[in-house]
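Below is one structure, written out as structure tokens; comments come after it.
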Amino acid sequence: RSSDLIDTSWSAIQIGIYAKHLDNWLQYFPMSQILFVSGERLITDPAGELGRVQDFLGLKRIITDKHFYFNQTKGFPCLKKAEGSSKPHCLGKTKGRTHPNIDPEVVKRLREFYRPFNLKFYQMTGHNFGWD
């Protein structure tokens, strides 16, 4: 069945092979100049994750929990007030949308496909992002 195959040339699949992308970046930058920001932690603890960014960049920690509120509609934290604006700022239209149901067998196949790439990425970064 053609549905059993994963089109590994499709850009939507290629973009998720982070180890390959990191290999390319490491040709130009040492690992010490790269910070891996967790998208999952940006949702669960935005101030904490942005605190890591501020520390990495050698900046004073000015972004704290008080700068965020949880938007029930989007299901994501949002900035209470964007810099230079009086209005709150949330992620764009493509974030927080309802996702289609995906056949569990397809999810299983994708997890199996990405597993070796993810394990290599975890090894390269020294961090397990828990994408198994």
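Note that the numbering runs from 1 along the sequence shown for the chain.
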Note, D23 side chain near K120 side chain (heavy atom, < 4.5 Å): yes

C78 SG to H67 NE2 distance, which is reported to the nearest 0.5 Å: 14.5 Å

R115 with E112: basic N within carboxylate O range, under 4.0 Å: no

W131 and Y18 aromatic ring geometry - parallel, tilted or perpendicular at 30°/60° bounds: tilted

Derivation and outcome, side chain to side chain contact (heavy atoms under 4.5 Å, CB included), residues N128 and Y122: CA-CA 5 Å; N128 181 335; Y122 299 163; 3.3 Å; yes

Closest heavy-atom pair and its distance - F68, P77: CD2-CB, 4.4 Å

Given I62, I63, L57, D55, the one that forms side-chain contact (heavy atoms from CB on, under 4.5 Å) with L59: L57

Note, L79 side chain near Y69 side chain (heavy atom, < 4.5 Å): no

Validation row: Q14, S9 side chains within 4.5 angstrom (heavy atoms): no

Test item: L110 and I13 side chains (from C-beta on) under 4.5 Å apart, heavy atoms: yes

From F56 atom CZ to Q33 atom CD, the distance as rounded to the nearest 0.5 Å: 7.5 Å

Minimum side-chain heavy-atom gap L50-R61 below 4.5 Å: no

Side chain E49, main chain V37, donor-acceptor under 3.5 Å: no

Atom CD of Q123: over 12 foreign heavy atoms under 6.0 Å: no

Test log, rule side chain to side chain contact (heavy atoms under 4.5 Å, CB included), inputs F76 and L42: CA-CA 9 Å; F76 284 96; L42 277 174; over 6 Å; no

Minimum heavy-atom distance between I15 and A12, given as atom pair plus value: CG2-O, 3.5 Å

Pairwise distance OG1(T125) to CE(M31) - rounded to 0.5 angstrom: 6.5 Å

Point-to-point distance, once rounded to the nearest 0.5 Å, from CZ of R52 to CG of L35: 5.0 Å

I34 side chain near F36 side chain, heavy-atom distance below 4.5 Å: yes

Within-4.5 Å side-chain heavy-atom neighbours: Y114 and L119: no

Sub-4.5 Å side-chain heavy-atom contact between F121 and L22: yes

